[in-house]
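Below, each value reflects all heavy atoms present in this structure, side chains not excepted, and no hydrogens, waters or symmetry copies. Chain identifiers are assigned alphabetically (A, B, ...) following the order of the sequence lines, protein sequences preceding nucleic acid strands; residue numbering begins at 1 within each chain. Small disclaimer: the values here were computed from a predicted structure and weren't measured.
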There are 2 protein chains.
Amino acid sequence: MNRPGLRERKKIETLHRLQEEALRLFDEQGYDATTIEQIAEAAGVSPSTFYRYFPVKEDVVVQDEYDPLIVDVFESQQEGTAPLEALRAVLTALFREFTDEDIERVRRRVRMIFSVPALRARQVGQSAATERLLAQMVAQRTGRSAEELEVRHFTALVVASWTVAISAWAETDGTKDDLAANLDKCLAHLEAGAPL
Amino acid sequence: MNRPGLRERKKIETLHRLQEEALRLFDEQGYDATTIEQIAEAAGVSPSTFYRYFPVKEDVVVQDEYDPLIVDVFESQQEGTAPLEALRAVLTALFREFTDEDIERVRRRVRMIFSVPALRARQVGQSAATERLLAQMVAQRTGRSAEELEVRHFTALVVASWTVAISAWAETDGTKDDLAANLDKCLAHLEAGAPL
DNA sequence: CGTAATTCTGATAGCTACTGTCAAATGACA
DNA sequence: TGTCATTTGACAGTAGCTATCAGAATTACG
């Protein structure tokens with residue numbers, strides 16, 4: 001069987017400890033003023049180890065593992081659903097799983113990402129990957145190519161919409177429901193052609 | 001009077017030489033493999049000087065000065081124009097000014113930006129500034145606040161739309177008119193609520 | 001069990017992006 | 001031509017990041 005095992009558990013622990021200590025230090029002293037060495041020491045590991053968990057400094061905040069979940073939820077949607085509707089459902093379902101603690105951690109991370117340009121910059125790289133993923137899935141569903149202009153445009157708009165919804169929410173101290181509401185508002189606005 | 005003067009002219013020359021040599025070297029050897037020292041030497045200046053012109057390496061490709069032009073064109077639009085229409089006109093007017101040489105340089109730069117993650121990441125920072133600028137202008141026009149969710153959402157979508165239009169165009173060897181056409185297609189798609 | 005194989009960690013050396021500082025060089029101007 | 005302001009180059013230093021390798025911890029297996 002493939003049980004967790006001590007090694008695996010230790011790795012996850014170290015990962016979380018690095019993320020937590022980093023977030024704490026960034027809050028206390030600022031992102032730039034905090035060195036990898038400090039984070040590593042606070043987490044009780046060597047700088048080498050930090051780089052094994054996070055290829056670049058930014059990733060200690062930015063890295064997440066939502067992409068596979070997104071794919072799962074999307075695929076579990078029934079065939080007929082319109083792409084925008086399907087993607088709305090994906091995010092809704094994703095957030096529903098979150099505990100209150102998760103939500104607070106997301107808020108902290110998002111706030112930091114949007115207040116530190118280097119983090120935001122890195123995050124966009126991740127979003128681009130997610131965007132390509134969405135394009136793939138949407139293309140498959142609608143029998144188009146993921147390279148088509150309309151498909152790429154659609155996914156870019158959806159991701160932009162999400163981003164605004166989430167960042168605006170993170171600035172407040174709203175609840176999980178407020179986040180969902182924000183998301184609905186943005187996607188509805190997009191679907192209406194973004195009238196002003 | 002405020003004539004150019006030798007000093008000013010030399011500065012502009014140095015700036016352009018740095019940009020050109022950098023682009024050439026990046027093409028030849030790749031972005032990461034090219035050092036500031038190489039660029040500086042190719043342009044006949046010291047590394048110190050490079051950093052005086054470009055705060056970070058990425059800027060030698062990413063930096064541009066369109067923002068003031070965008071503001072000018074937007075403000076010169078008549079009051080009644082709908083925001084989306086006004087922004088479409090802004091880009092159209094902006095591109096109209098470009099010579100064939102300009103267009104080719106833009107294409108090279110855009111291609112490089114979208115093929116080198118570090119450049120793309122930096123570019124997003126710039127786009128964010130432009131986005132805030134648009135939000136300001138649009139807010140003023142429509143008598144809203146630039147912090148309002150709908151306004152931010154609108155501008156984010158427009159910028160995302162532009163970005164797709166331009167990046168898709170840069171992948172081809174289309175003309176200036178093709179770029180304009182792409183832009184129209186994307187904005188129309190956005191205005192229609194991004195149907196698929 | 002105990003030993004061998006595998007995986008993870010820490011230490012070290014080194015490269016490059018980037019910052020700060022100061023003296024020398026260069027153009028502006030009277 | 002001489003003085004002032006600006007630009008430049010040289011130097012030293014910090015930190016992010018890579019590559020490498022020996023030793024330690026965990027796992028697999030006889």
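For B/E28, the CD atom sits in a packed shell: over 12 heavy atoms of surrounding residues, nucleotides or ligands are nearer than 6.0 Å.
At the phosphate of C/dG10, OP1 or OP2 sits under 4.0 Å from a side-chain N or O atom of A/T49.
For the pair A/S161 (side chain) and A/L157 (backbone), a donor-acceptor distance under 3.5 Å is absent.
At the heavy-atom level, B/Y53 lies under 4.0 Å from the strands shown only through sugar-phosphate atoms.
The salt bridge (Lys or Arg N to Asp or Glu O under 4.0 Å) search around A/D64 returns none, not counting sequence neighbours.
In this structure, the NZ atom of B/K11 is 17 Å from the P atom of D/dA5, given to the nearest Å. For the pair A/E13 CD and D/dT26 C1', the computed distance is 15 Å after rounding to whole Å. Between the CD1 atom of B/I12 and the P atom of D/dT6 there is a distance of 18 Å, given to the nearest Å. Spacing between atom CG of A/L119 and atom P of D/dG16 amounts to 13 Å, rounded to whole angstrom units.
For the 3.5 Å distance criterion, the side chains of A/T99 and A/E101 fail to qualify, holding no donor opposite an acceptor. No hydrogens or angles considered: a donor-acceptor pair under 3.5 Å links the side chains of A/S145 and A/E147.
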Indicate every side-chain donor-acceptor pair of residues 68-75 of chain A with a distance under 3.5 Å to a residue at least two apart or in another chain.
none

Spell out protein contact along nucleotides 14-30 of chain C as letters: B when the base is contacted, S when just the sugar-phosphate is, - when no protein heavy atom is under 4.0 Å; keep the 5' to 3' order. ---SBB------BBS--
